[in-house]
Amino acid sequence: MKKYLSIIIMMIVMLLAACKNEEETVTSNSLLQNSDISYLTVQFQLEKVKITKEDDIKKIQQLFEKNNFTLNENEVGEKVTAGWIYTIRTFDEKDKKLEEIVVVSDKLICYNGISYDCKEIDITIIDDVTGIDRFKTE
C-alpha cells in the first residue's frame, strides 16, 4: 500500500511541476506564431476588427517577436484585464480560437490568462493596422 501511495504522490508532484513550468514559459517565438493562424480579431472596448490580410497579421505578430516576457505574479486574474487596451485573438480557418493576448499596457500583457511583463510594445502599430482611434471623443 505504501508503495502505491508513494507512486501516486510522486505523480502528483510531477504533474504540479509540469503545470508550473508551462505557466512560466512563454517566449516571444511562441506568441502569435502558430502556423495555423488564418485571421485574428482585435478588440478595443466594444469595437472589434477582423484582420485577414497577411501583411497586417505579420505587423501585429512582429510586435511580440524578440520580446522578453517575464511572469508577473503580482498581477493576476480579472484585476489585470479590467483596464485592458486591446484583446487580440487568433483563429484557424475553421474559426477555432488558438490564442488570446490582452494588451493591458505597453509593458504588460495577459497571454491565455497569465500575466507577463515585457519590453515596450508599440501599441500605435495596432492602432494603424486596425484603424481604431482609441482617443476619439464622442
Side-chain angles (χ1 to χ4, degrees):
M1 182 72 169
K2 286 184 179 180
K3 183 178 180 180
Y4 292 116
L5 185 58
S6 297
I7 291 172
I8 291 172
I9 290 172
M10 187 172 67
M11 290 174 64
I12 290 171
V13 168
M14 289 173 51
L15 180 63
L16 290 173
C19 289
K20 183 166 176 55
N21 247 354
E22 184 178 321
E23 283 185 0
E24 293 178 356
T25 306
V26 169
T27 64
S28 58
N29 295 335
S30 64
L31 269 111
L32 301 179
Q33 301 306 309
N34 190 322
S35 61
D36 293 335
I37 294 175
S38 176
Y39 67 94
L40 52 90
T41 62
V42 178
Q43 182 174 350
F44 171 74
Q45 295 178 353
L46 298 176
E47 187 173 354
K48 189 185 289 186
V49 177
K50 184 175 181 178
I51 307 295
T52 57
K53 291 182 183 175
E54 203 171 311
D55 289 345
D56 289 340
I57 292 172
K58 278 269 188 247
K59 287 177 187 174
I60 291 177
Q61 286 174 319
Q62 289 170 350
L63 288 174
F64 300 95
E65 289 178 354
K66 298 177 183 146
N67 205 320
N68 297 322
F69 296 97
T70 309
L71 182 65
N72 184 323
E73 295 179 7
N74 297 322
E75 302 287 343
V76 292
E78 292 180 18
K79 182 173 89 174
V80 172
T81 58
W84 56 273
I85 299 172
Y86 282 117
T87 298
I88 302 168
R89 293 181 182 96
T90 61
F91 297 88
D92 66 12
E93 60 188 26
K94 295 179 182 175
D95 297 327
K96 177 185 171 200
K97 184 172 88 168
L98 303 172
E99 299 171 280
E100 179 176 279
I101 296 177
V102 178
V103 179
V104 180
S105 73
D106 61 351
K107 294 187 180 184
L108 178 65
I109 66 164
C110 197
Y111 177 69
N112 290 337
I114 303 169
S115 301
Y116 295 92
D117 293 314
C118 57
K119 292 189 304 187
E120 190 169 341
I121 297 169
D122 186 356
I123 297 172
T124 61
I125 292 174
I126 302 172
D127 298 338
D128 294 342
V129 168
T130 61
I132 293 174
D133 181 1
R134 296 182 288 128
F135 305 104
K136 71 180 174 187
T137 56
E138 299 196 37

If you take all heavy atoms of Asp117 and Asn72, which pair is closest and at what distance? OD1-ND2, 2.9 Å
OH/Tyr111 to CD1/Ile101 distance, rounded to the nearest 0.5 angstrom? 6.5 Å
Donor-acceptor list for residues 85-96 side chains, cut-off 3.5 Å, not counting sequence neighbours:
unit_1 : atom_1 : unit_2 : atom_2 : d
Tyr86  : OH     : Asp127 : OD1    : 2.4
Arg89  : NE     : Glu100 : OE1    : 2.7
Arg89  : NH1    : Gln43  : OE1    : 3.4
Arg89  : NH2    : Glu100 : OE1    : 3.3
Thr90  : OG1    : Glu99  : N      : 3.0
Asp92  : OD1    : Lys94  : N      : 2.9
Asp92  : OD1    : Asp95  : N      : 3.1
Asp92  : OD1    : Lys96  : N      : 2.9
Asp95  : OD1    : Tyr39  : OH     : 2.8

Distance col, row Lys107:NZ vs Thr70:OG1, nearest 0.5 angstrom, shows 12.5 Å
Tell me, yes or no, whether the heavy-atom count around Lys119 atom NZ, taken from other residues, nucleotides or ligands under 6.0 Å, exceeds 12. yes
Aromatic ring pairing Phe69/Phe64, orientation class (parallel under 30°, perpendicular over 60°, tilted between): parallel
Spacing of Ile126 atom CD1 and Arg134 atom CZ [to the nearest 0.5 Å]: 8.0 Å
Test item: Tyr116 and Ile109 side chains (from C-beta on) under 4.5 Å apart, heavy atoms: yes
Looking at residues at least two apart in the chain, or sitting in another chain, which of them share a side chain to side chain donor-acceptor pair (under 3.5 Å) with Thr124? Asp122
Candidate pair Ile51 and Thr41, rule side-chain contact (heavy atoms from CB on, under 4.5 Å), full reasoning: CA-CA 6 Å; Ile51 307 295; Thr41 62; over 6 Å; no
Under 3.5 Å, side-chain donor or acceptor atoms of residues 54-62 against the rest of the protein: list the pairs with distances, not counting sequence neighbours.
unit_1 : atom_1 : unit_2 : atom_2 : d
Gln61  : NE2    : Leu32  : O      : 2.6

If I take atom CD1 from residue Ile114 and atom CG from residue Asn112, how far apart are they, to the nearest 0.5 angstrom? 7.5 Å
Specify the closest pair of heavy atoms between Cys118 and Asp106, including all atoms of both residues, with the distance to one decimal. SG-O, 4.3 Å
